[in-house]
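Worksheet: one structure, shown below.
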Amino acid sequence: MRSDQLADRICGATRLLFAVCLLIFTFAAVSGANAQSSVRPPSSGDTGFSDPAVSGQVPGNSLGSASDAELWRAVKGGTVGTVSIPDKKAGMLIQYEGQIWREIRNGPLPIYGAWAILGMIVLLAIFFAVFGRVKIGEGPAGITITRFSALERAGHWMTAGSFVLLALTGLNILYGRSVVMPVIGQDAYAAIAQWGKYIHNYVAFAFIAGLVFIFFHWVLHNLPSRHDIVWLMKGGGIFFKNVHPPARKFNAGQKIIFWLTILGGASVALSGWALLFPFTTSFMTWGMEIMQTVGLDLPAWLGLPDPPYTGVAEQQINQIWHAAMGLFLTAVIIAHIYIGSLGMEGAFDAMGSGEVDLNWAREHHSLWVEELEQELDEDAAKHGGSSVQPAE
Ligand code: HEM
């Protein structure tokens, strides 16, 4: 072979090699582009991606290598890219508020919740040790009067029973893994946690029904009145023997329990509903907007951004709110259970048999007894009878 023929062949082989390399490179580039996720950062300048310094290029192209540090910092910071799929939420690869939510959920929430509940139990124990049981000062009269009808008691016990189940199963969701599981083991805890979750989800509807019931039955008796101020100023008389500020059917302390139950219960119910049916509600956005409209900047007080919130943020705020309100209400209801049973002689009968001793009623609800006696007198004058009955 002549030397010029050899040179031609080498030249042809080089061209072929170049063409093959070009083909491979093009193929690699196209398949690389196709392999990318459909979630891309926006090309607009507002995220700074058009700036070579933040678009992953090392300034000056000195080494030709690329650093994606800034891009990933933006992604970690919650930058929303564009997506071609219908679920636009997928445009956010990392929702950084999720980290804040996780820290609150695993930190201050269970810690302050435990303080509230254990603190209440300790306070009540101290109160009981110092003051003992609130007795009927005059002793039982031996005559009872009807305080709550069977229907009212059924409504109360439906609310109470469902609340106790919700509180126990809710506490298990928050503390069970660290408190119950080490004691009974993983398998037993898994079964309890699963059934507890079913109970928590379904019994919630009975609690909501109970709330509606007691609201409509007792709301008129729980409207504020001037007697409440006197009652509160005398501390309900609980710190002094034989001091009983006048009260109608419900005293100021009970009105506070009533409104905390209704408003706290409604708030727990709504946030629970949002957790039960995720991404279908905007309760937090609405609630915070209403608060801001009436001049209460609740988002700022709670360290939250201004509404509206994204679907994921709605779920996170609802979860913290639901748990915090549930814990608060549990602490309040523990005090209510104490005073309605162990703490006060004669109180439980009101929700047990529905009949209370006349002296108990005169001491704790003197105005209510007066109203009742007046009604009975009028009734007796008309029909010649009375519903005040001697006790068995
Ligand atoms: C489980 C134990 C409970 C006991 C022993 C108990 C006992 C009582 C008693 C005796 C009364 C009538 C007080 C009176 O005659 O003036 C009452 C009223 C009431 N209960 Fe309960 N209760 C319990 C649980 C609950 C729960 C879990 C809730 C709500 C979540 C609740 C909400 C109410 C409300 C709103 C009233 C009317 C306002 C008041 O008297 O404070 N109770 N309860």
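Remember, it's 1-based here, ligands and their atoms both numbered in the order they're listed.
- For ligand 1, the atoms sitting less than 4.0 Å from at least one non-hydrogen atom of F163 are 27 (C), 30 (C), numbered in the order shown with element in parentheses.
- In this view, F277 and W273, T280 satisfy the side chain to side chain contact (heavy atoms under 4.5 Å, CB included) rule, not counting sequence neighbours.
- Looking from atom 37 (C) of ligand 1 to the surrounding protein, the closest heavy atom is W218 CZ3, 3.4 Å.
- Separation of the W286 and Y309 ring centroids does not fall under the 6.0 Å cut-off.
- Of the protein's heavy atoms, F148 CE1, 3.7 Å lies nearest to atom 12 (C) of ligand 1.
- Nearest approach of W101 to Q316, heavy atoms of both residues: CD1-O, 3.6 Å.
- Set against the non-hydrogen atoms of A350, the atoms of ligand 1 under 4.0 Å away are 15 (O).
- Short contacts between ligand 1 and W360, defined as distances under 4.0 Å to a heavy atom of the residue, involve ligand atoms 15 (O).
- Using the six-membered ring where Trp is involved, F131 and F127 have ring planes that are tilted, between 30° and 60° apart.
- No close placement of the F258 and F250 rings is indicated, their centers lying 6.0 Å or farther apart.
- Not a single heavy atom of Y338 sits less than 4.0 Å from an atom of ligand 1.
- Under the 3.5 Å distance criterion, the side-chain polar atoms of E363 are matched with a main-chain donor or acceptor of G137.
- The closest side-chain heavy-atom distance from K249 to H365 is not below 4.5 Å.
- In terms of protein heavy-atom proximity, atom 4 (C) of ligand 1 is nearest to W157 CH2, 3.7 Å.
- Of the protein's non-hydrogen atoms, Q254 NE2, 3.4 Å is the one closest to atom 13 (C) of ligand 1.
- A salt bridge is absent between R102 and E97: the closest approach of a Lys/Arg side-chain nitrogen to an acidic carboxylate oxygen does not fall below 4.0 angstrom.
- Neither the backbone nor the side chain of F215 has a heavy atom within less than 4.0 Å of ligand 1.
- Scanning the protein heavy atoms around atom 10 (C) of ligand 1, the nearest turns out to be A347 O, 3.3 Å.
- Checked against the 6.0 Å centroid criterion, the rings of W115 and Y112 do not qualify as a close aromatic pair.
- Using a cut-off of 4.0 Å between Lys/Arg side-chain N and Asp/Glu carboxylate O, R248 and E371 are scored as salt-bridged.
- Proximity of the aromatic rings of W368 and H221 is defined here by a centroid distance below 6.0 angstrom, and this criterion is not met.
- Only protein N, O or S atoms were scored, and 2 of them lie under 2.8 Å from atom 21 (Fe) of ligand 1.
- Remark: minimum distance from atom 15 (O) of ligand 1 to any protein heavy atom is reached at R147 NE, 2.7 Å.
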